[in-house]
**Student:** 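Take a look at this one; I'll ask things after.
Computed from a predicted structure; not experimentally measured.
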Amino acid sequence: MRADVFLVDSGHAVTRSQAQRLIAAGVEWRLSPQLPWNKVAKNGDDIPAMAEVQLLDSAEAKYLSRGGLKLEGALAQAGLPVAGLRCLDVGQSTGGFTDCLLQQGALQVVGVDVGQAQLHERLRSDPRVLCVEGVNARSLTPEALQLACEALLLLPGAAAPKPEVQPENPYRWMSGDGEVTDYDDSDDVDDDYLAAELGQAKAPEPAPARVAPRRRPGCADVDTTPLFDLVTGDLSFISLTLVLPALVPLLAPAGALLMLVKPQFELQPGQVGKGGIVRDPALYAVVEQRIRDCCAEVGLAVQAWFDSPISGGDGNREFFVFARRAA
């Protein structure tokens with residue numbers, strides 16, 4: 001079996017791309033403890049189905065994607081403890097950032113992504129995770145996010161209460177042109193009026209009780225308040241300057257924001273080289289200033305700007321911006 005496929009099938013890696021990074025870091029296999037280890041040289045090398053495997057560097061397998069390693073380093077660099085926090089993960093994708101936040105002790109992670117069915121099943125089934133899909137972070141609002149989270153928690157068929165029944169049209173006996181057709185006035189007497197005249201007024205009938213939508217078992221205490229202690233994000237093909245205005249209203253008063261910055265999406269097409277690589281180091285300062293200016297405009301105070309501990313998969317240099325809501 002191909003080495004990268006073997007690592008996925010045996011549970012050492014979640015995806016083939018992750019398996020290939022593990023192979024690059026070093027993977028060995030053997031058929032019994034008495035035999036020597038065989039080094040996997042390339043992704044297509046064959047590993048027997050019954051082989052024992054060891055990873056020489058298991059860091060790539062710590063999280064569901066390399067994003068988890070990026071965020072882990074950024075949290076350490078910013079000095080941000082995550083334990084007990086409610087977090088929003090923007091651009092959730094397969095869940096690398098979400099995985100890291102949970103392993104760091106986050107109380108809850110609400111994820112938002114414009115795509116569909118990308119989050120790994122292990123996270124999708126975690127009661128601490130809510131995955132809101134098909135939503136563009138640029139148009140995110142607190143109200144829409146809370147409604148989307150509530151919809152995820154409801155029992156099937158209980159998404160919304162039924163609309164109130166409107167009173168029957170009293171002019172149903174009239175045609176469209178106002179012509180009277182077979183009008184019968186025998187039922188026109190107001191029973192309540194006659195009863196009042198006779199001193200026998202009827203008590204008004206109570207309004208039917210509204211049945212609130214019911215949550216699934218085990219979800220009664222899930223918090224959907226659209227205010228978060230920490231907002232993280234890993235977005236592609238959009239500038240953060242278009243997203244940050246929508247994120248600030250979702251930050252708690254003392255909340256923190258830690259976003260991955262990809263320069264190739266913050267510059268003009270003419271400033272980005274072939275293959276989407278930013279080759280002029282002077283442009284990194286341009287990107288930083290642009291993000292800092294945007295933060296100031298939307299009420300965020302930048303606390304730190306630093307390199308991502310891991311470069312982008314395409315070789316681009318990446319950064320993190322750490323900010324808090326301005327007083």
Side-chain angles (χ1 to χ4, degrees), residues 67 70-71 73-75 77-80 82 85-93 96-97 101 109-115 132 135-145 226-273 276-312 314 316-327:
K70 295 179 184 180
L71 183 60
L75 289 169
Q77 180 80 8
L80 271 174
V82 175
L85 301 186
R86 291 185 66 240
C87 305
L88 175 66
D89 181 14
V90 185
Q92 191 175 38
S93 188
F97 274 26
L101 292 169
V109 180
V110 174
V112 174
D113 200 278
V114 72
V132 178
V135 175
N136 190 324
R138 182 179 182 178
S139 59
L140 197 60
T141 65
E143 297 78 11
L145 181 59
L227 279 178
F228 300 91
D229 306 304
L230 174 62
V231 174
T232 66
D234 179 357
L235 297 169
S236 296
F237 306 106
I238 187 171
S239 169
L240 288 186
T241 61
L242 300 177
V243 177
L244 290 177
L247 300 184
V248 174
L250 300 169
L251 271 174
L257 178 139
L258 188 60
M259 302 289 290
L260 183 66
V261 181
K262 300 179 177 180
Q264 65 270 36
F265 302 124
E266 304 298 337
L267 297 168
Q268 299 302 316
Q271 297 173 304
V272 181
I277 306 296
V278 179
R279 305 186 186 280
D280 183 358
L283 292 173
Y284 298 139
V286 174
V287 171
E288 178 180 355
Q289 191 59 52
R290 185 180 184 193
I291 299 299
R292 285 181 177 273
D293 289 345
C294 178
C295 287
E297 290 173 4
V298 298
L300 290 170
V302 175
Q303 309 294 301
W305 174 277
F306 49 85
D307 280 270
S308 169
I310 299 176
S311 62
D314 55 6
N316 265 313
R317 187 177 169 189
E318 296 178 345
F319 303 88
F320 273 93
V321 58
F322 168 37
R324 292 189 181 277
R325 292 194 70 165

**Student:** Not counting sequence neighbours, which residues clear side-chain hydrogen bond (donor to acceptor under 3.5 Å, both in side chains) with Ser239? List them please.
**Tutor:**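 Thr241, Glu266.
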**Student:** Keeping the roles fixed (side chain from Gln92, backbone from Asp89), state whether a donor-acceptor pair exists under 3.5 Å.
**Tutor:**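 No.
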**Student:** Which residues pass the side chain to side chain contact (heavy atoms under 4.5 Å, CB included) test with Val135, sequence neighbours left out?
**Tutor:**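 Partners of Val135 by the side chain to side chain contact (heavy atoms under 4.5 Å, CB included) criterion, ordered by chain and then number, come out as Val112, Val132, Leu140.
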**Student:** Can you give me every donor-acceptor pair (side chain of residues 277-285, partner residue at least two apart or in another chain, under 3.5 Å) with its distance?
**Tutor:**
residue, atom, partner, partner atom, Å
Arg279, NH2, Lys274, O, 3.1
Asp280, OD1, Ala282, N, 3.0
Tyr284, OH, Val278, O, 3.4

**Student:** What residue pairs, at least two apart or across chains, pass salt bridge (Lys or Arg N to Asp or Glu O under 4.0 Å) with a residue in residues 235-258?
**Tutor:** none
**Student:** Is the shortest side-chain heavy-atom distance between Cys87 and Val82 below 4.5 Å?
**Tutor:** yes
**Student:** Kindly indicate whether the side chain of Leu300, heavy atoms from C-beta on, has any atom under 4.5 Å from the side chain of Leu251.
**Tutor:** yes
**Student:** Only counting residues at least two apart or in another chain, list the ones meeting side chain to side chain contact (heavy atoms under 4.5 Å, CB included) with Pro249.
**Tutor:** Pro142
**Student:** Which residue pairs pass the ring-ring contact (aromatic ring centres under 6.0 Å, His included) test with at least one member in residues 231-266, sequence neighbours excluded?
**Tutor:** Phe237-Phe265
**Student:** Test of understanding: with side-chain hydrogen bond (donor to acceptor under 3.5 Å, both in side chains), list the residues that count as partners of Asp307, not counting sequence neighbours.
**Tutor:** Arg317
**Student:** Could you tell me which residues satisfy side-chain hydrogen bond (donor to acceptor under 3.5 Å, both in side chains) with Ser236, sequence neighbours excluded, listed by chain and number?
**Tutor:**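 Ser236: side-chain hydrogen bond (donor to acceptor under 3.5 Å, both in side chains) contacts with Lys262.
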**Student:** Residues in side-chain hydrogen bond (donor to acceptor under 3.5 Å, both in side chains) with Arg138, at least two apart?
**Tutor:**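 None.
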**Student:** Who pairs with Phe320 by ring pair (Phe, Tyr, Trp, His ring centres under 6.0 Å), at least two apart in sequence or on another chain?
**Tutor:**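 With neighbours one apart ignored, the set is empty.
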**Student:** Got a sec, which residues hit side chain to side chain contact (heavy atoms under 4.5 Å, CB included) with Arg324, two or more places apart in sequence or on another chain?
**Tutor:** Leu80, Ala256, Gln303, Phe322
**Student:** Under a 3.5 Å distance rule, please check whether Asp229 uses its side chain to pair with a backbone N or O of Arg86 as donor and acceptor.
**Tutor:** yes
**Student:** Report yes if some heavy atom in the side chain of Ile291 is under 4.5 Å from a heavy atom in the side chain of Phe319; otherwise report no.
**Tutor:** no
**Student:** Quick test of your reading: applying salt bridge (Lys or Arg N to Asp or Glu O under 4.0 Å), list the pairs with at least one residue in residues 286-306, sequence neighbours left out, ordered by first then second residue.
**Tutor:** Glu288-Arg292
